[in-house]
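Scope of the values below: all heavy atoms of this structure, side chains included, with no hydrogens, waters or symmetry mates.
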Amino acid sequence: MSNEERWPALPYAEWKDTYATLHMWTQIVGKVRLALSPNINHYWGTTLYVTSRGLTTSAIPYQAGIFEVRFDFIAHRLEIATSLGETRSLPLAPRTVAEFYAQFMRELESLGIHAHLWAMPVEVPRPVRFNLDLNHASYDSQYAHRFWQVLASIEPVFQEFRAGFIGKCSPVHFFWGSFDLAVTRFSGRRAPERPGADKIAREAYSHEVISVGWWPGDGEIIKDAAFYAYAAPEPAGFKESATRPAKAFYSPQKGEFFLRYDDVRASASPERDLLAFCESTYEAGANAGEWNRAELERAPR
């Protein structure tokens, strides 16, 4: 595949309606995993993972065994499969969130999977309960496929970055609340409690972290898709640190470093530039935060 195919254009304005609908669909599926899975630290037991065809929940326990839910962005279907060999399938096509929610929950019930979830979206402005959401109903299969192709190209780079760290580190995983792909490294030290933080933020940032990820943008401060990196809590000197590649920048409004996705896809080597961003922002945070890098990093071979 060419770079253009592996790193396709994904302008926010062109797919924002599909993005908004897909965000709600992934939240519905993710909330089922949240409802039925053990509460793993930092909510890692609730995320989705990139596959060769889309996104998956991985195995979720239920009364009769385990099941998995997969978004297939090649065949454009939502697949449910159980360890008993039973399957159900829903088309990914233009339909309201309310319709998707009702059919998905019916299919789960038909398999003997009983999930009781809070039907209110999170991390979005003006949330509407899934069963009442008649506004989000777009699905452009071309842009849904592009979205997945971007994730499929980023995931191996994030895995390579993750492999260089032997301290505590998250999986490379997709957060359905914020709709981003991320990987997070930990110093091993507890972090000061955040004033006014809700229980999710308290759990997510209970320890010092440096995180890097990719997000489709918001059409506002970060208009289009971008890679981000932050340290929490942010150590003194972090924002002034030199990072790579040259087009990376620090946003005072967001409190994070960013590298625009379009700058990466236009590069002669998108993978090299993305890895440089991951490594240089980590080094900036680890050095400023006085992490014990000798104990946390894999020695060069």
Could you tell me if the side chain of [Y] sits less than 4.5 Å from the side chain of [X], heavy atoms only?
X	Y	value
Glu220	Gln253	no
His207	Arg189	no
Glu14	Pro11	yes
Leu296	Phe165	yes
Pro245	Phe277	yes
Ser206	His42	yes
Ser153	Pro270	no

Assigning hydrophobic clusters by single linkage (Ile, Leu, Val, Met, Phe, Trp, Tyr; side-chain heavy-atom cutoff under 4.5 Å), is [X] placed with [Y]?
X	Y	result
Val183	Ile166	no
Tyr49	Trp44	no
Leu48	Ile40	yes
Val122	Met120	yes
Val124	Ile221	yes

Where the side chain of [X] meets the backbone of [Y], is there a donor-acceptor pair that is under 3.5 Å apart?
X	Y	result
Lys31	Thr26	no
Arg146	Ala9	yes
Ser251	Gly255	no
Trp176	Thr46	yes
Thr21	Asp17	yes
Arg194	Ala201	no
Arg265	Trp7	yes
Thr18	Asp140	yes
Ser211	Thr184	no
Thr47	Tyr43	no

Exercise. Quick one: list whatever passes side chain to side chain donor-acceptor pair (under 3.5 Å) with Arg53, sequence neighbours left out.
Key: Asp72
Exercise. Please list all pairs passing the ring pair (Phe, Tyr, Trp, His ring centres under 6.0 Å) test where one or both residues lie in residues 117-141, with sequence neighbours left out.
Key: Trp25-Tyr139, His76-Tyr139, Tyr101-Phe130
Shortest non-hydrogen contact between [X] and [Y], atoms and distance:
X	Y	result
Leu134	Thr96	O-CG2, 3.8 Å
Ala119	Pro121	O-CD, 3.9 Å
Asn131	Ala98	O-CB, 3.5 Å
Leu259	Ala248	CD1-N, 3.8 Å
Cys169	Arg162	O-NH2, 3.3 Å
Gly45	Ser37	O-CB, 3.7 Å

Quiz item: Below 4.0 angstrom, N of the basic side chain to O of the carboxylate: do Glu79 and Arg70 qualify?
Solution: no
Quiz item: Hey, are Lys254 and Asp218 close enough for a salt bridge, meaning a charged N less than 4.0 Å from a carboxylate O?
Solution: yes
Say you draw a straight line from [atom1] of [X] to [atom2] of [Y]; how long is it, rounded to the nearest 0.5 Å?
X	Y	atom1	atom2	value
Ser110	Arg88	OG	CZ	3.5 Å
Asp180	Trp214	CG	CH2	9.5 Å
Leu36	Leu117	CG	CG	8.5 Å
Ile80	Leu108	CD1	CG	4.5 Å
Leu90	Phe104	CG	CZ	8.0 Å
Trp291	Phe186	CH2	CZ	8.5 Å

Ring centroids only, cut at 6.0 angstrom: are [X] and [Y] within range, meaning strictly under it?
X	Y	result
His173	Phe175	yes
Trp15	Phe147	yes
His23	Phe179	yes

In this structure, are over 12 heavy atoms from other groups packed under 6.0 Å from [X] atom [atom1]?
X	atom1	answer
Lys168	NZ	yes
Glu193	CD	no
Glu240	CD	yes
Glu5	CD	yes

Self-check item: CA sep, side-chain torsions, deciding dist, call: Tyr282, Phe161, side chain to side chain contact (heavy atoms under 4.5 Å, CB included)
Solution: CA-CA 10 Å; Tyr282 161 72; Phe161 171 64; 3.9 Å; yes
Practice problem: Please report the C-alpha distance between Thr56 and Glu68 in whole Å, then the side-chain angles of each, then the deciding distance to 0.1 Å, and finally whether the side-chain hydrogen bond (donor to acceptor under 3.5 Å, both in side chains) criterion is met. | Solution: CA-CA 7 Å; Thr56 182; Glu68 179 182 5; 2.5 Å; yes
Quiz item: Going through the distances and angles, do Gln103 and Glu99 end up as a side-chain hydrogen bond (donor to acceptor under 3.5 Å, both in side chains)?
Solution: CA-CA 6 Å; Gln103 184 177 359; Glu99 290 173 324; over 6 Å; no
Practice problem: Could you check Phe238 against Phe257 for ring-ring contact (aromatic ring centres under 6.0 Å, His included), going step by step and ending with a plain yes or no? | Solution: CA-CA 10 Å; Phe238 175 67; Phe257 280 100; 5.1 Å; yes
Practice problem: Verify whether one side chain among Ser89 and Arg77 offers a donor that lies under 3.5 Å from an acceptor in the other. | Solution: yes
Quiz item: Ile66 and Ile60: side chain to side chain contact (heavy atoms under 4.5 Å, CB included), yes or no, with the steps?
Solution: CA-CA 5 Å; Ile66 58 174; Ile60 302 172; over 6 Å; no
Quiz item: Could you walk me through whether His145 and Trp148 pass the side chain to side chain contact (heavy atoms under 4.5 Å, CB included) check?
Solution: CA-CA 5 Å; His145 184 272; Trp148 161 75; 3.5 Å; yes
Quiz item: Quick one: is the NZ or CZ of Arg260 closer than 6.0 Å to the six-membered ring centre of Phe227, and within 45° of its axis?
Solution: no
Quiz item: Is there a side chain to side chain contact (heavy atoms under 4.5 Å, CB included) between Leu78 and Phe100 once you walk through the steps?
Solution: CA-CA 10 Å; Leu78 185 78; Phe100 178 92; 3.7 Å; yes
